[in-house]
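Residue numbering restarts at 1 for every chain, and letters A, B, ... go by the order of the sequence lines. Since this is a predicted model, take the numbers as computed values, not measurements.
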Number of protein chains: 2
Amino acid sequence: MTAVVRLLLADDEHLIRGALAALLALEDDLVIVAEAASGPEALAMARAHRPDVAVLDLQMPGADGVKVATSLRAELPDCQVLIVTSHGRPGHLKRALAAGVRGFVPKTVSAQRLAEIIRTVHAGNRYVDPELAADAIASGDSPLTAREAEVLELAADGAPVAEIAERAALSQGTVRNYLSSAATKLGAENRHAAVRLARERGWV
Amino acid sequence: MTAVVRLLLADDEHLIRGALAALLALEDDLVIVAEAASGPEALAMARAHRPDVAVLDLQMPGADGVKVATSLRAELPDCQVLIVTSHGRPGHLKRALAAGVRGFVPKTVSAQRLAEIIRTVHAGNRYVDPELAADAIASGDSPLTAREAEVLELAADGAPVAEIAERAALSQGTVRNYLSSAATKLGAENRHAAVRLARERGWV
DNA sequence: GCGCGCTTCTGACATTTGTCATGCCGAGCG
DNA sequence: CGCTCGGCATGACAAATGTCAGAAGCGCGC
């Protein structure tokens with residue numbers, strides 16, 4: 001018999017969090033010691049309750065799962081982080097692993113499977129969903145340079161070049177050049193399509 | 001004592017669907033007779049099992065909750081539809097109600113609350129989350145004409161005007177005009193920002 | 001040290017887009 | 001009927017954007 005695993009559950013959707021809590025509580029060796037509905041709350045709860053494993057949703061108000069994981073890694077090195085997500089973008093997986101996350105799974109897994117994965121992660125092993133891993137490998141690394149990505153991000157909400165230039169403290173010509181080269185690298189018709197593609201691949 | 005309510009549960013996320021099923025099954029008067037992971041599957045399951053209430057996720061592969069609701073309304077008029085969603089956009093609510101949906105709630109409600117709402121809907125009453133209803137009223141109706149909305153939708157993926165014109169069988173000038181007036185009505189700087197705004201409000 | 005790639009900028013040019021004046025048509029109204 | 005008004009469509013013009021060539025500085029690896 002393994003030791004009891006103390007869990008922190010963070011997801012902004014009460015319905016899902018509650019349902020998940022109920023299901024995981026059915027497992028004898030899992031106990032939920034805290035729940036949170038936002039990034040900052042998750043962090044506060046983790047500090048207060050020092051769980052063994054933190055199960056975090058990727059998208060939460062305040063701070064996303066990866067940011068929370070980064071802070072957690074620094075403050076509570078003994079707490080393993082497992083990220084659960086609805087929309088698995090390749091780039092997110094890469095960022096998560098870089099942040100020291102031990103597990104990354106889509107919400108399409110069953111509860112039993114999730115319980116097993118929680119135990120795997122608690123034992124100090126890693127677990128990444130095979131499908132997401134395959135996507136990440138297939139899509140490869142971002143071909144964008146740091147500045148290209150930065151400028152593309154500023155262009156994300158459809159702002160005109162003048163505004164982007166001001167916010168990035170660059171000349172308009174330079175901004176256009178970055179946008180142009182980013183669009184070319186991504187094979188997009190224009191910068192807006194480029195933004196969409198980069199989003200899909202988790203490169204922004 | 002009310003009669004037993006036979007449920008169809010449709011959500012593409014296994015984890016959530018399973019958890020939800022487990023929680024709702026705890027209620028004596030609720031029984032899940034079918035589950036589905038996509039729009040078409042939900043439809044097929046409904047035909048086969050003829051549930052009293054269909055609980056549908058708004059975003060599913062194949063066909064979204066509103067489309068499924070429309071078909072269901074036509075094929076199984078006795079089956080009440082309740083839509084559950086993560087991201088409640090005002091326009092979606094409006095479209096859902098127009099499609100004959102009886103209930104519309106965000107995933108932030110608790111499972112007990114959901115069970116109550118299922119009973120409400122089964123009794124033939126309507127239920128709309130107050131917060132979402134307020135948003136819908138506040139954001140008002142779409143100021144866009146049919147063509148404006150159509151063209152804006154075609155512009156959604158960042159396609160150039162030429163492509164939109166071809167797909168809409170319009171001249172490029174006309175397309176530009178619609179995009180321009182749509183952007184003006186929405187108070188956006190350009191069509192891309194307009195697309196973003198219309199998306200947020202569920203008008204596309 | 002030298003080459004290479006990233007960053008930044010400039011200026012010129014072609015293309016795309018946004019804006020405007022204008023005209024057509026059908027619905028509603030006095 | 002004749003009028004206005006809103007939706008629909010078009011082409012011309014102006015502004016924004018995309019593309020290209022060139023150039024200078026910087027840091028990194030061989």
Side-chain angles (χ1 to χ4, degrees), chain A residues 91 94-95 98 139-204, chain B residues 91 94-95 98 139-204:
Chain A
K94 223 159 264 181
R95 279 198 303 132
S139 82
D141 274 333
S142 168
L144 305 176
T145 67
R147 280 286 185 278
E148 282 165 356
E150 185 187 330
V151 172
L152 203 55
E153 203 157 356
L154 288 172
D157 56 357
V161 171
E163 197 179 311
I164 301 170
E166 197 183 355
R167 287 206 279 169
L170 292 175
S171 90
Q172 300 198 8
T174 307
V175 168
R176 284 193 273 171
N177 279 341
Y178 280 136
L179 253 21
S180 180
S181 75
T184 305
K185 282 179 181 174
L186 297 177
E189 298 251 1
N190 55 43
R191 63 207 172 94
H192 305 285
V195 166
R196 209 173 43 79
L197 284 171
R199 275 264 166 77
E200 276 175 16
R201 294 174 197 175
W203 288 339
V204 291
Chain B
K94 222 159 265 180
R95 280 198 303 131
S139 81
D141 274 334
S142 168
L144 305 176
T145 68
R147 280 280 190 277
E148 282 165 357
E150 183 188 331
V151 172
L152 202 55
E153 202 158 358
L154 288 172
D157 55 356
V161 172
E163 197 179 313
I164 300 170
E166 197 182 356
R167 288 205 279 170
L170 292 176
S171 90
Q172 302 199 5
T174 307
V175 169
R176 281 191 229 127
N177 248 345
Y178 282 137
L179 290 174
S180 179
S181 74
T184 305
K185 283 178 181 175
L186 298 178
E189 298 251 1
N190 56 42
R191 65 208 173 92
H192 304 285
V195 166
R196 210 172 42 78
L197 283 171
R199 275 264 166 75
E200 277 173 17
R201 294 173 198 176
W203 288 338
V204 292

Scan for side chain to side chain donor-acceptor pair (under 3.5 Å) pairs involving residues 193-204 of chain A, sequence neighbours excluded, and state none if there are none.
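Those involving residues 193-204 of chain A are R196(A)-E200(A).
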May I have all residue pairs that pass ring pair (Phe, Tyr, Trp, His ring centres under 6.0 Å) and include part of [range], sequence neighbours excluded?
range: residues 154-174 of chain A; value: none
range: residues 154-175 of chain B; value: none
range: residues 161-183 of chain A; value: none

Can you see which heavy atom on [X] is nearest to which on [Y], and at what distance?
X: L186(A); Y: P143(A); answer: CD2-CG, 4.3 Å
X: N190(B); Y: A159(A); answer: ND2-C, 4.4 Å
X: A165(B); Y: V175(B); answer: CA-CG2, 3.6 Å
X: G158(A); Y: H192(A); answer: CA-CE1, 4.3 Å

Using the 3.5 Å cut-off, write out each protein N or O paired with an N or O of nucleotides 14-17 of chain D and the distance between them.
unit_1: dT17(D); atom_1: OP1; unit_2: R191(A); atom_2: NH2; d: 3.1
unit_1: dT17(D); atom_1: OP2; unit_2: V161(A); atom_2: N; d: 3.2

Write down the distance between [atom1] ([X]) and [atom2] ([N]), rounded to a whole number of angstrom.
X: R147(A); N: dG27(D); atom1: CZ; atom2: C1'; answer: 14 Å
X: L179(B); N: dC8(D); atom1: CG; atom2: C1'; answer: 14 Å
X: I164(A); N: dG18(D); atom1: CD1; atom2: C1'; answer: 13 Å
X: E148(B); N: dC8(D); atom1: CD; atom2: C1'; answer: 10 Å

Distance below 4.0 Å between [X] side-chain N/O and [N] OP1 or OP2:
X: T145(A); N: dG5(C); answer: no
X: T174(B); N: dC8(D); answer: no
X: Y178(B); N: dG7(D); answer: no

Which residues satisfy the side chain to side chain contact (heavy atoms under 4.5 Å, CB included) test with [X], sequence neighbours excluded?
X: L154(A); value: I164(A), R167(A), A168(A)
X: E189(B); value: P160(A), E163(A)
X: T145(B); value: R147(B), E148(B), K185(B)

Quick one: salt bridge (Lys or Arg N to Asp or Glu O under 4.0 Å) partners of R176(A), sequence neighbours excluded?
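Salt bridge (Lys or Arg N to Asp or Glu O under 4.0 Å) check on R176(A) returns nothing, list empty.
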At a cut-off of 3.5 Å, list every protein nitrogen or oxygen paired with a nitrogen or oxygen from nucleotides 20-23 of chain C, distance to 0.1 Å.
unit_1: dC20(C); atom_1: N4; unit_2: N177(B); atom_2: OD1; d: 2.7
unit_1: dC20(C); atom_1: N4; unit_2: N177(B); atom_2: ND2; d: 3.1

Derivation of the side chain to side chain contact (heavy atoms under 4.5 Å, CB included) call for V161(A) and R191(A):
CA-CA 11 Å; V161(A) 171; R191(A) 63 207 172 94; 4.0 Å; yes
Could you grab the distance from atom OG1 of T184(A) to atom CG of L179(A), nearest 0.5 Å is fine?
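Here the interatomic distance stands at 10.0 Å.
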Between the opening five pairs and the closing five pairs of the helix from dG1(C)-dC30(D) to dG30(C)-dC1(D), how far apart are the helix axes, to 10°?
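Taking five pairs per end, the axes differ by 30°.
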Quick one: label S171(B) by what it contacts on the DNA or RNA (base, sugar-phosphate, nothing), any heavy atom closer than 4.0 Å.
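Sugar-phosphate, no base atom in range.
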Touch check for A146(B), heavy atoms < 4.0 angstrom, all strands: base, sugar-phosphate only, or nothing?
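No contact.
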Using the side-chain heavy atoms of L170(B), tell me which of these nucleotides is nearest: dA9(D), dT19(C), dT7(C).
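Nearest to the side-chain atoms of L170(B), counting from C-beta on, is dA9(D).
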Nucleic acid contacts of residues 149-157 of chain A, taken as heavy-atom distances under 4.0 Å to DNA chain C:
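Going residue by residue through residues 149-157 of chain A, none turns out to have a heavy atom under 4.0 Å of DNA chain C.
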